[in-house]
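A short worksheet on the structure shown next.
Sequence lines set the chain letters: A, B, ... in the order given, protein chains first and strands last, and positions in each chain run from 1. Note that the structure is predicted; figures quoted are calculated from it, not measured.
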Amino acid sequence: MSLSSIIHWSLTSERKLNNMANDKKTVEAITPINEDFGRWYTDIVKNAELIDYSAVKGCVILRPYGYAIWENIQKIMDGMFKDTGHENVYMPIFIPESLLQKEKDHVEGFAPEVAWVTLGGSEELTERLCVRPTSETLFCDHFAHIIQSYRDLPKLYNQWCSVVRWEKTTRPFLRSREFLWQEGHTMHETREQAEQETQRMLEVYRNFCEKYLKMPVISGRKTDKEKFAGAVATYTIEAMMHDGKSLQSGTSHFFGDGFARAFDIKFTARDNTLQYPFQTSWGVSTRIIGAIIMTHGDDSGLILPPAIAPIQVVVVPVAQHKPGVLEAASSLRDRLKAAGLRVLLDDSDQSPGWKFAQHEMRGVPLRIEIGPRDIEAGQCVAVRRDNAEKTVVALSELEVRVPELLSTLEDGLYERALSNRESRTYACKNFKELESAVKSGPGFYKTMWCGDEACELKLKEQLDISSRCMPFEQENLSDVCPVCGRPAKHMVVWGSAY
RNA sequence: CGGGGCGUAGCGCAGCUUGGUAGCGCGCUUGCUUUGGGAGCAAGAUGCCGCAGGUUCAAAUCCUGUCGCCCCGACCA
């Protein structure tokens, strides 16, 4: 028996025992978060009814609760894009092969994971069509038609759509073959304007993650090795997950005029000369839902930040068959709804305990219990999802206290995520320190770096870590690269990534 | 792509070694009683045993092939 089969055997039998022990209680017990993070994650996405697996490997069904999270994310982000002057468009799902191949680096980067359509009905197509893995080429083809003059610039476009990348290893939300996202594509008169746009949209992403998702991120630049195929520079926001691994949560690319040249996009400039415009693109995908799960979740399941939670408050009536209870509960619901909250009154005929567990699994930020005793006392009981803290709320103060509780919960989520990141972040002056930091567990390892890709590759080989980003907020940890000893140019955050 | 494991009711699994009427728990349906942390009793319904061949009087069980999923590793804009 090989080592891995022994490990597998002991895991499955352990699970069997767990299941047997839990049978009385529930069939939906999830793996403890610190026992097997990967399994915990899969348990969550299925048990919280975010997704179901489909007939095609790597393509998941977003169930109503999971899709509602995406809709809330969309609503907020779309507003932020509109506020920064962007317009939504929709491009076709297919890209002719000749179009995809116009930019050399781009096609090389994406070719291995592109899905092709070769037949229309039973007829072989004269040119095969790729199912878009990203839409730079389509936008460029279109921009070439509509940009003539500096007066046509800037073009600030965004589209909400799905893209397909034929991945070998897949995980719900984190890496699937088809996923939903938004991709912004912009064209500018000058290099500076495009560079500014790249940074501006990264800042929109950072703001969105920190303000609404309560997820601290590090923003910075990718090394050349890690940058987007065809980009001059790629910027990223990196978030640390519960287990210390890094998740690239949004990217913003500066393309220079490379694509413009490849696609022959030209405009007449103010000085009556023909110029190539400068381009950006930026994207956030449903992967961000994976980030939310892995940042905030715990042993009881999901914890959703209120801003994107499909249900912000669940009202659970206790002894709901008794006269007056359901009426009191639905009046609570109506008042909270009127106060602008997303509320569910769970009047299903499950026991209260079952409802508690169920809504905890689904990450509802705040639960309100109301039973005969409360009604008599003119109160209800609010329970925070993140720390199970119970607060007695006078019914007369409902509209004031509930938003307060949600807001302190938001602060709590952010603080907890931040302190997890801080406790797993290591500043390393030399190779020895880096090595021992890596040994002490997954995390962010900050070091200086000479800028040479050879050193980057060496760290991958020797310590199995890759560069996550070169943060905008640089620190001076030492004067030399810990790998080669040459003068250090940048501070880099290293880690292992999802 | 390499190594390992698993496909039996909606879910989790037993049965396979040694072939002989398809099982258990949860869930589901109906009724009654319950309700402040995953309720109880009673009566029900649900299976091309992944698929295709083969051996046999007889296959969930043995043999061959095949497809799918999971884990570990490699790869991964």
- Choosing from B/rC76, B/rU35, B/rG37, which nucleotide comes nearest the side chain of A/E113? B/rC76
- Heavy-atom side-chain proximity of A/Q199 to A/E203 below 4.5 angstrom: no
- Just checking A/R367: base, sugar-phosphate only, or nothing, at a heavy-atom cut-off of under 4.0 Å? base
- Message: Please classify the nucleic acid contact of A/D349 as base, sugar-phosphate, or nothing, using heavy-atom distances under 4.0 Å.
- Response: nothing
- Message: Between P on B/rC75 and CD on A/E167, what's the gap in Å once rounded to a whole number?
- Response: 15 Å
- G-U wobble or Watson-Crick pairing nucleotide for B/rC6 (cut-off 3.5 Å, both distances): B/rG68
- Task: For A/D43 and B/rC11, give me the distance from atom CG to atom C1', rounded to whole Å.
- Result: 12 Å
- Message: Distance check needed: B/rG36 P versus A/L326 CG, whole Å only.
- Response: 15 Å
- Message: Going by side-chain hydrogen bond (donor to acceptor under 3.5 Å, both in side chains), name the residues that satisfy it together with A/E404, two or more places apart in sequence or in a different chain.
- Response: A/R401
- Message: Between B/rG2 and B/rU66, how far apart are the two P atoms, rounded to whole Å?
- Response: 13 Å
- Message: Could you identify the nucleotide paired to B/rC62, looking across every strand shown and requiring Watson-Crick or G-U wobble geometry with both distances under 3.5 Å?
- Response: B/rG54
- Message: Taking pairing as Watson-Crick or G-U wobble with both contacts under 3.5 Å, can you name the mate of B/rC48, or confirm there isn't one?
- Response: none
- Nearest to the side chain of A/A319, which nucleotide is it out of B/rU35, B/rG37, B/rG36? B/rU35
- What distance, rounded to whole Å, do you find between the two C1' atoms, one in B/rA52 and one in B/rG68? 15 Å
- Task: Please state how far atom CZ in A/R171 lies from atom P in B/rC70, giving the value in whole angstrom units.
- Result: 11 Å
- Message: Would the base of B/rG37 count as contacting A/E360 through its side chain, where contact means a donor and an acceptor less than 3.5 Å apart?
- Response: yes
- Determine the Euclidean distance between corresponding P atoms of B/rU35 and B/rG40; express it in Å to zero decimal places. 14 Å
- Query: To the nearest angstrom, how far is A/R177 atom CZ from B/rC75 atom C1'?
  - Reply: 14 Å
- Message: Counting only Watson-Crick pairs (N1-N3 plus N6-O4 or O6-N4) and G-U wobbles (N1-O2, O6-N3), all under 3.5 Å, who is the partner of B/rC1?
- Response: B/rG73
- Separation of the C1' atoms in B/rC67 and B/rG50, to the nearest angstrom: 8 Å
- Query: Mind checking who B/rA43 pairs with, Watson-Crick or G-U wobble, both distances under 3.5 Å?
  - Reply: B/rU29
- Counting any heavy atom closer than 4.0 Å, what does A/H106 reach on the DNA or RNA strands: base, sugar-phosphate only, or nothing? nothing
- NA contact type, A/P372, heavy-atom cut-off 4.0 Å: base, sugar-phosphate, or nothing? base
- Task: Select base, sugar-phosphate, or nothing to describe what A/E108 touches, counting heavy atoms under 4.0 Å on all strands.
- Result: nothing
- Query: For the side chain of A/F228, counting heavy atoms from C-beta on, which of B/rA74, B/rA77, B/rG37 is nearest?
  - Reply: B/rA77
- Among B/rG38, B/rG36, B/rC76, which nucleotide sits nearest the side chain of A/A357? B/rG38
- Item | Nucleotide of B/rA77, B/rU35, B/rA74 approaching A/T169 most closely (side-chain heavy atoms) | B/rA74
- Give A/V316 one of three labels, base, sugar-phosphate or nothing, depending on what nucleic acid heavy atoms sit under 4.0 Å from its own. nothing
- Along RNA chain B (nearest heavy atom to each residue), the more 5'-positioned of A/V381 and A/G109: A/V381
- Would you classify A/K227 as touching base, sugar-phosphate or nothing, given that sugar-phosphate means primed atoms plus P, OP1 and OP2, and contacts are heavy atoms under 4.0 Å? sugar-phosphate
- Message: The criterion is ring pair (Phe, Tyr, Trp, His ring centres under 6.0 Å); which residues satisfy it with A/Y445, sequence neighbours excluded?
- Response: A/Y426
- Query: Under 4.0 Å between a side-chain N/O of A/S351 and OP1 or OP2 of B/rA39, yes or no?
  - Reply: yes
- Message: Checking base pairs now: Watson-Crick or wobble, both atom distances under 3.5 Å. What partners B/rG36?
- Response: none
- Hey, do the aromatic rings of A/W282 and A/F81 have their centres closer than 6.0 Å? yes
- Query: Do A/T170 and A/S176 have side-chain N/O donor and acceptor atoms under 3.5 Å apart?
  - Reply: no
- Query: How far, in whole Å, is B/rU56 from B/rG10 if one measures between their P atoms?
  - Reply: 34 Å
- Protein-nucleotide distance (A/R468, atom CZ; B/rC76, atom P), rounded to Å: 13 Å
- Of all the nucleotides listed (B/rG37, B/rG38, B/rU35), which has the minimum atom distance to the side chain of A/Q358? B/rG38
- Proximity to the side chain of A/W354 - top-ranked nucleotide from B/rU35, B/rC76, B/rA39: B/rA39
- Which value, in whole Å, describes the distance between the C1' atoms of nucleotides B/rC63 and B/rA22? 23 Å
- Note on the structure: Picking from B/rC76, B/rG36, B/rG37, the nucleotide nearest the side-chain atoms of A/R373 would be B/rG36
- Query: Are A/H106 and A/F259 close enough that their ring centers fall under 6.0 Å?
  - Reply: yes
- Of all the choices, B/rA77, B/rG37, B/rU35, which nucleotide is nearest to the side chain of A/V318 once you look at every atom? B/rU35
- Message: Could you tell me how far apart A/E369 (CD) and B/rU35 (P) are, to the nearest whole angstrom?
- Response: 16 Å
- Does a salt bridge link A/E360 with A/R367, judged by any charged N lying under 4.0 Å from a carboxylate O? yes
- B/rG65 to B/rU21 separation - C1' atoms, rounded to the nearest Å: 30 Å
- Keeping the roles fixed (side chain from A/K227, backbone from A/A231), state whether a donor-acceptor pair exists under 3.5 Å. yes
- Given atom CG of A/D52 and atom P of B/rC11, what is their separation to the nearest angstrom? 9 Å
- Query: When you compare B/rU29 with B/rU46, how far apart are their P atoms, in angstrom units rounded to a whole number?
  - Reply: 16 Å
- Task: Could you go through the side chain to side chain donor-acceptor pair (under 3.5 Å) check for A/H86 and A/Q182 one step at a time?
- Result: CA-CA 12 Å; A/H86 299 85; A/Q182 59 71 215; over 6 Å; no
- By nearest-nucleotide position on RNA chain B, the 5'-leaning member of A/G38 and A/A229 is A/G38
